[in-house]
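Side chains are part of it too, since the values below use all heavy atoms of this structure and drop only hydrogens, waters and symmetry mates.
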Amino acid sequence: MIDLKVLRENPEIVRASQRARGEDEAVVDSLLSADERRRSAISRADTLRAEQKVLGKEVGKAKGDDRAALLVKAKDLAAEVKAAEAEQNATADEVNELLARIPNLVHPDAPVGGEDDFVVVKTVGTPREFDFEPQDHLDLGTKLGAIDMERGAKVGGSRFYFLRGVGAQLELALLNMAAAQATANGFELMITPTLVRPEIMAGTGFLGAHSSEIYHLPNDDLYLVGTSEVPLAGYHADEILDGERRYAGWSSCYRREAGSYGKDTRGIIRVHQFNKVEMFSYVKPEDAEAEHARLLGWEEEMLAKIEVPYRVIDTATGDLGTSAHRKFDCEAWVPTQQKYRELTSTSNCTTFQARRLNVRYRDENGKSQIAATLNGTLATTRWIVAILENHQNADGSVTIPEAMRPFMGTDVIKPR
RNA sequence: GGAAGCGUGGCAGAGCGGCCGAAUGCACCCGCCUUGAAAGCGGGAGACGGGCAACCGUCCGGGGGUUCAAAUCCCUCCGCUUCCGCCA
């Protein structure tokens, strides 16, 4: 949630952010008035409660007729307090409900617009010229005995797959390489729960506009996570940290992909379940922007290791997640699509998630402050697409990028 | 799945319906003492909300109830522990 103080002192910032996202601006004024009513309700209830406290003590001391008379007064006051508290709760609920509808404030430098209005920050490497007709990742993967889509569908339905043999090895090599890099860079490796409680899912901002993306188990009221960002953000909920923290979460991720019918139906680009190593940082708000640049740097370090051409984009405001202040994606070149496709995504969520989840840190003066959270992808199953297609050879074999060989144990994988 | 018990401040751990935001110990901070430290002595220190402030209010797992008054009594949900059963 956003900071109410910012809203009170600078509502125009919030309005501008809403405009940039293409979201409702009127909610800002509704919230301002609800906040005003809430504060006066608090003040009324506080005053009455203070009176009640004093009177209650007198009742305790009084005897006989005095006591009876005081009791009558106290009963009336109790009724007033109850009414005032009801008003306080009602206005607080109203504020919270409106607050929950406002996504994070966007970064002033983020490009304004929709999905296609991103800005290319840079392009690294050049797409390879093939002297043969390149195969797509599914043809390659099938012939290599790496991907079994048909049986995936038989067992789990559409958008499910088996990684087998060298495919499974390739994924483990990739994720292990990511885990090793993260550890070397000071991240603590974490294997997280992939089912979480509603408060945690809501706290990370995924139960708002994008809730249809999320699997829910109604019998247990648990949600399947679409990224280990969710459990890692919840990890320190209701805690006060004594410094910054960096975690690398390894988990399976589950996405319903509702509303993407017909999109990327071939292969493992868009699937219901995949694995991912995700970086997650807790830092002071003033360090968040610098941390965001560092996360992007570590993503690029990983991309360099798989030796594929890629570009970095600054995502447009309309395409930001609820919690994101700014987002950079790294997109790898996919030869058979003649397109760049997203491999990583790093978001600066500023204090938005931490405020909902009540994650704080102790500042130099010993005061508690809301922390900032950031996340960024280090590797996912989808990376296999880029590796297979970019490093394929005319005979259908695939050369393993040098940095991955120690993790893979071989230089090349061949059709069976 | 059944049964019982428990959930209090950074940690441990007291707590009679009003004198409880809460004893005590440890840890922490500041003094004194000491060449320095430890010990000892004295003092300080929770979180959140409202207010320019003095100050006021809220918070004893969450929510609801009883009562003039709830950490304390009742209901409910969540979590933890133990025992039994079942399954891996």
message: Taking any heavy-atom pair under 4.0 Å as a contact, classify A:Lys73: base, sugar-phosphate, or nothing.
response: nothing

query: Is there a Watson-Crick or G-U wobble partner for B:C41 with both distances under 3.5 Å, and if so, which one is it?
result: B:G31

- prompt: When the distance from CG of A:Asp238 to P of B:G61 is rounded to whole Å, what number comes out?
  reply: 14 Å

query: Taking it one step at a time, do A:Glu36 and A:Arg8 satisfy salt bridge (Lys or Arg N to Asp or Glu O under 4.0 Å)?
result: CA-CA 9 Å; A:Glu36 196 56 50; A:Arg8 276 180 216 141; over 6 Å; no

- prompt: If you check the A:Ser368 side chain, which of B:C48, B:G51, B:U58 turns out closest?
  reply: B:C48

- prompt: Which nucleotide, B:U66, B:G50, B:C68, lies nearest any side-chain atom of A:Lys82?
  reply: B:U66

field: P gap between B:A4 and B:G9, integer Å
entry: 27 Å

- request: Take atom CG of A:Asp221 and atom P of B:C77, then tell me their distance rounded to the nearest Å.
  value: 14 Å

message: Work out how far the C1' atom of B:G42 is from that of B:G79, and round it to whole angstrom.
response: 42 Å

field: N or O in side chain of A:Arg44 less than 4.0 angstrom from B:G50 OP1/OP2
entry: no

query: Does A:Arg49 place a side-chain N or O at less than 4.0 Å from the phosphate oxygens OP1/OP2 of B:A69?
result: no

task: Using both distances under 3.5 Å as the test, list the Watson-Crick or G-U wobble partner of B:G7, or none.
output: B:C78

message: If you compare every side-chain N and O of A:Ser43 against the phosphate oxygens of B:C56 (OP1, OP2), does one of them come in below 4.0 Å?
response: no

query: For the side chain of A:Arg8, counting heavy atoms from C-beta on, which of B:U58, B:G50, B:G79 is nearest?
result: B:G50

field: Whole angstrom value for the distance that separates C1' of B:G50 from CZ of A:Arg37
entry: 17 Å

- prompt: Looking at A:Arg39, does any N or O in its side chain come under 4.0 Å of the phosphate oxygens OP1/OP2 on B:G49?
  reply: no

query: Using atom P of each nucleotide, how far apart are B:A14 and B:A3 to the nearest Å?
result: 28 Å

task: Could you work out the separation of B:G43 and B:A47 based on their P atoms and round it to a whole Å?
output: 22 Å

Atom pair distance, as rounded to whole Å: CG in A:Leu222 and C1' in B:G79: 13 Å

message: Using heavy-atom distances to pick each residue's nearest nucleotide on RNA chain B, tell me which of A:Gly56 and A:Thr47 is more 5'.
response: A:Gly56

Between B:U58 (P) and A:Leu48 (CG): distance, integer Å: 12 Å

field: C1' spacing across the pair B:U35 / B:G21, given as an integer number of angstrom
entry: 43 Å

query: Which one, B:G50, B:U58, B:C68, comes nearest to the side chain of A:Lys75?
result: B:C68

task: In whole angstrom, give the distance that lies between atom CZ of A:Arg197 and atom C1' of B:G79.
output: 7 Å

- request: Please determine if A:Lys284 and A:Asp287 form a salt bridge, counting it only when a charged side-chain N lies under 4.0 Å from a carboxylate O.
  value: no

- line: Separation of B:G9 atom C1' from A:Glu239 atom CD, nearest Å, is 15 Å

message: Do the side chains of A:Arg255 and A:Glu257 get close enough for a salt bridge, i.e. N-O under 4.0 angstrom?
response: no

- request: For the pair A:Val95 and A:Thr91, evaluate side-chain contact (heavy atoms from CB on, under 4.5 Å) and give the outcome as yes or no after the intermediate values.
  value: CA-CA 6 Å; A:Val95 166; A:Thr91 52; 5.6 Å; no

field: Sugar-phosphate, base or nothing in reach of A:Leu55, heavy atoms under 4.0 Å
entry: nothing

task: Measure from the side chain of A:Asp46, starting at C-beta and using heavy atoms only, and say which of B:G57, B:C68, B:G51 lies closest.
output: B:G57

message: Does the structure show a Watson-Crick or G-U wobble partner for B:G17, both distances under 3.5 Å? Name it, or say none.
response: none

task: Verify whether the ring centers belonging to A:Tyr282 and A:Phe280 lie closer than 6.0 Å.
output: yes

task: Can you figure out which of B:G49, B:C78, B:C68 approaches the side chain of A:Ala78 most closely?
output: B:C68

query: Which atoms form the tightest heavy-atom contact between A:Arg382 and A:Glu342, and what is the distance?
result: NH1-O, 2.8 Å

- prompt: Does A:Gln52 put a side-chain nitrogen or oxygen below 4.0 Å from OP1 or OP2 of B:C68?
  reply: no

message: Can you measure A:Arg360 atom CZ to B:G46 atom C1' for me and round it to whole angstrom units?
response: 10 Å

- prompt: Expressed as a whole number of Å, how far does the C1' atom of B:G17 sit from that of B:A70?
  reply: 6 Å

Span that lies between the C1' atom of B:A23 and that of B:A39, in whole angstrom: 25 Å

message: With rounding to the closest Å, how many angstrom separate the C1' atoms on B:G7 and B:G85?
response: 26 Å

- prompt: Do you know which two heavy atoms are closest between A:Gln273 and A:Ser252, and how far apart they sit?
  reply: NE2-OG, 4.3 Å

